[in-house]
Protein chains: 2
Amino acid sequence: MHRMDMLTVARRAKVSTATVSRVLSGSRPVTAEVAARVRAAIEELNYTPNSHARSLRSGKSNLFGLLVSDVRNPFFPDAIEHFESLATAQGIDVIFSNTGYSPERLMSGLRRLLDRGVDGIAVLTSEVSDELVHTLRNVKVPVVFLNQPAVQGNFPIVRVDYERGYREAMEHLSMLGHKDIGFVSGPNTLFSAMRRKEVFLQVAKDCGFSTRDEWMIEGDHRLGGGKIAAARFFTMRSAPTAILCSNDLTAIGFIHTANRLKRSIPQEMSVIGFDDIAMSEMVQPALTTLHLSRREIAAHAFFALQNGEDRSRKTKSMASTVLPQLVIRESTGVAPEKPRVAKER
Amino acid sequence: MHRMDMLTVARRAKVSTATVSRVLSGSRPVTAEVAARVRAAIEELNYTPNSHARSLRSGKSNLFGLLVSDVRNPFFPDAIEHFESLATAQGIDVIFSNTGYSPERLMSGLRRLLDRGVDGIAVLTSEVSDELVHTLRNVKVPVVFLNQPAVQGNFPIVRVDYERGYREAMEHLSMLGHKDIGFVSGPNTLFSAMRRKEVFLQVAKDCGFSTRDEWMIEGDHRLGGGKIAAARFFTMRSAPTAILCSNDLTAIGFIHTANRLKRSIPQEMSVIGFDDIAMSEMVQPALTTLHLSRREIAAHAFFALQNGEDRSRKTKSMASTVLPQLVIRESTGVAPEKPRVAKER
DNA sequence: TTCAAGCTGGTAATCGATTACATTCAAGGC
DNA sequence: GCCTTGAATGTAATCGATTACCAGCTTGAA
């Protein structure tokens, strides 16, 4: 069954291809009767327009590119799902690409999307490089970032208000009597992870927490990092009583090895995650965490791209920010009376 | 910065567009010197070919479509990651679409992919309908299914050997002294879920297990289904001592409410999952499950599509099958001495 | 020397839409 | 009744590659 082309349809409807195109796009009025004939022909011949031809001529592809750091981190599938669902509702398809936290893969993914002529690119990753920003600047495709510092350029950005989130978390911990706090960060190679570390330190200070260099452990945004961090924290001579993790995956990893080590959370140590993935509720103890709405993020990103399509330089880059929200479950509790530090000679 | 076209490159290199095209594709030999000139021009002008034009003329899009049931089920992201990584290594981009277990969405997703002119479609879903198969039959695009019964047509299929997996699981349970077994299935609306139910019953019989209608509970392949199933099993007058779940998500949901109900697994009941997602190791008790290699599945699917591109009708549709492998963790244990059935009057 | 074969490279048709511009025809103004 | 105007449709250029076909130049065998 060969694919039909517009000429065939036109002939069948006894009109020109221009007319067929017009009834399809509604770009110009067509007599009701003629339109009906065209539609009938389309129906009968089972015609669907060739998207390559269409894109070639019109310069629009109805494709968005979606770059994410790590599909395996449950945070992303949620975002992907919402993004894709918004897109298909508008007849836009999405090309997906996973970067695995690698700037090189991000860069090559980006280039592929550019070559593919997508109409917009959502960069839901943390490993943004200067080269990438530079490339993007020389290109007219709408782009939206997740959570990159403003420095980068004049791009729309979906911001997560980490400061506010951390503050909420720490106030909760304060109320429970905690004074010392540790942090399991993302990879130090990621600019955004470093930023969050700074924010953490700032907020901790503001809230009157003690922090220490050795309580700042580098993770990897995955389970593994949390596991290793837990092992370290539980063998420290003097450990904090509360830990904030850069995301739920590392918090869950943390809890897992705490369990394995027979250390009880939250009795010995409280831990808080970030994201609120489905598994956080399943793990034992259930994770107290900062919920981050993937729906909101996806929606902001999507609409930024859609609006960006009318690339008027005047449009001030709207930075929509989304607020994390503390969900208190079982991994946080009152600070232990006698901190382990007592053991020190 | 305008995008360059081939003509500009050709002029700069003092050759024709045909020659440029040739050095790019290597479709025909070109003198080393000329090729060098062309490459230089490409470099200097920063030229990249317009993919729409290319696809239009050549009829190949270098795009694969990937349809999955549920990105939020961690099984899929793993598969997606491998698939995408194989694809990009070959210069193929992948359009992603989530069906949410809905045949309608699958169908519309498929149609979008077809209209988009993709070079291959991987259907990693369970909700395949007759309409879909029919549509696919009338089309020349290579397609590969995950795990659909052969009846469907002459398509390549990546099969999971459920029978073997179930057998392995049940032998394990047998050794632990279990005699009664229950099953939490996928949605009854899915043909493939029904099939697996049959396989389960068959294998259970072969292994000498008792089954009952009321021990066959319909789930939804998500956490929720497992939770509900657990609630039911734990309030039954007479419950089995072992449960097989259609996937890890439902098994984890099951364990979660078991914990909430203060029922201990595996002391009171053993549960086995399917897939072996990352979280299965994290949950408490850690889940005994059948590991299913996403890497294998993705690879089989991908290569089926790639080979399918030379659509010789002669190529007998290779059905590659992948074997689940039992991973014993903590959610299975010896059958309780005195089954709850003793409570019956 | 001559001619066929083999390389390289160019010319132009082509893929299937969109769209600028031309045309037709009817209605309405004077 | 004639000319302007505008709405509906058609004609053909166009998007930017690929590729069938052709032309010229070597090379080597007869």
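Residue numbers start from 1 in every chain, and the chains themselves are labelled A, B, ... in the order their sequence lines are given, proteins ahead of strands. Note that this is a predicted model, so its numbers are computed, not measured.
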Other residues, nucleotides, ligands: >12 heavy atoms within 6.0 Å of A/Glu43 CD: no
For nucleotides 12-18 of chain D, read 5' to 3', which letter fits each nucleotide if B means a protein heavy atom sits under 4.0 Å from the base, S means only the sugar-phosphate is that close, and - means neither? BBBBBBB
Non-neighbouring partners of A/Ser126 that pass side chain to side chain donor-acceptor pair (under 3.5 Å), sequence neighbours left out: none
If we ignore angles and hydrogens, is there a donor and acceptor under 3.5 Å between the side chains of B/Glu84 and A/Ser97? yes
Need the bend value for the helix from C/dT1-D/dA30 to C/dC30-D/dG1: angle between end axes, 5 pairs each end, nearest 10°. 60°
Could you tell me how the ring of B/Phe302 sits relative to the ring of B/Phe83: parallel (under 30°), tilted (30 to 60°) or perpendicular (over 60°)? perpendicular
In terms of heavy-atom contacts, A/Gly100 and A/Arg222 come closest through O-NH2, 4.5 Å
Please state how far atom CZ in B/Arg28 lies from atom C1' in D/dC22, giving the value in whole angstrom units. 10 Å
When the distance from CZ of A/Arg37 to C1' of D/dA8 is rounded to whole Å, what number comes out? 12 Å
With rounding to the nearest 0.5 angstrom, report the CZ to NE2 distance, B/Arg57 to A/His52. 14.5 Å
Taking atom CD of A/Glu33 as the centre, does the number of heavy atoms from other residues, nucleotides or ligands within less than 6.0 Å exceed 12? no
Minimum heavy-atom distance B/Ala13-B/Val38, with the two atoms named: CB-CA, 3.8 Å
